[in-house]
Amino acid sequence: MKGILSKKKREEVIDILLKTFPDAKAELDHESTFELLIATILSAQCTDVRVNKVTRELFKELKGPEDYIKLSQEELGEKIRTCGMYNTKSKNILATCRILIEKYDGEVPATLEELTELPGVGRKTANVVLSNAFDVPSIAVDTHVFRVSNRIGLANAKNVLDTEKQLMKNIDKNMWSKAHHLIIFHGRRICKARSPMCSECPINQLCLYYKNEIKPLEESGPSGK
């Protein structure tokens, strides 16, 4: 077990990340809450860069849920094909749009419970929408947040839900939403999945992964002695 950093060190990590990535924010392009919801559903197992390429054209044609339900699942699937899992995503998006029209007058609901009842919307997607569209303090745990927070020592959990709970406990509530973006930026730019750039990392002296796994290798030298 890697353990969890002390409160003081956790605050230092967040402070350093704030200085390193002062402009950290959602990287999914959108102009409305509904567009953010659709983009986040599309982002499952897909990069934000790819999603933005697809939605750049999609959002020109389809503005609200009433536009989507005019399409068949196959027609929508072709428009979002390059995002991957397009059959499942098109099915979920159309079902979600119908619910939004029938139950919420075409508007996106603003609670975790209501959002997670929508097809294709899990806790991560719901938290992204709550945080970015409704300014509700939230920590959405995607693959980057899960990997990076557990590497650093902001959390020490084996699954996404426990990671979310630990981060909510270990980070001040007023920083939840910002911390989510900071950790994602750090994961995409420095603390990468396969080749983390530990030597360039601004928080390496605080990071438990660096302390326990990387630094000993560096100190032992090329021969491992």
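All values below were derived from every heavy atom in this structure, side-chain atoms included, with hydrogens, water molecules and symmetry-related copies excluded.
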Using modelled atom types and a 3.5 Å cut-off, is there a donor and acceptor pairing between side-chain atoms of K91 and backbone atoms of G120? no

Roughly how far, to the nearest 0.5 Å, is the [atom2] atom of [Y] from the [atom1] atom of [X]?
X	Y	atom1	atom2	answer
I152	I4	CD1	CD1	12.5 Å
N212	C207	CG	SG	8.5 Å
K8	D15	NZ	CG	12.0 Å
N132	L28	CG	CG	8.5 Å
K19	L182	NZ	CG	13.0 Å

Do L5 and M175 sit in the same hydrophobic cluster, where Ile, Leu, Val, Met, Phe, Trp and Tyr count as joined when their side-chain heavy atoms come under 4.5 Å apart?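 Yes; M175 is reachable from L5 via cluster members.
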
Taking all non-hydrogen atoms of both residues, which atom of [X] and which atom of [Y] are closest, and how far apart?
X	Y	value
P109	Y104	CB-CE2, 3.8 Å
F21	R189	CE2-CD, 3.8 Å
I139	E164	O-CG, 3.7 Å
V145	I183	CA-CG2, 3.7 Å

Only one of N156, D162, T163 clears side chain to side chain donor-acceptor pair (under 3.5 Å) with N150; which? T163

Is the number of heavy atoms from other residues, nucleotides or ligands within 6.0 Å of [atom1] ([X]) greater than 12?
X	atom1	answer
K63	NZ	yes
E213	CD	yes
N159	CG	yes

Just checking, any donor-acceptor pair under 3.5 angstrom between side chains of [X] and [Y]?
X	Y	value
T55	D29	no
H144	R147	yes
S131	S177	yes

Taking 4.0 angstrom as the limit, do [X] and [Y] come out as a salt bridge?
X	Y	result
K60	E57	yes
E114	K103	no
K7	E11	yes
R81	E78	yes

Would you mind reporting whether [Y] and [X] have side-chain heavy atoms less than 4.5 Å apart?
X	Y	value
T33	F134	yes
L100	L118	yes
I203	T20	no
L58	L76	yes

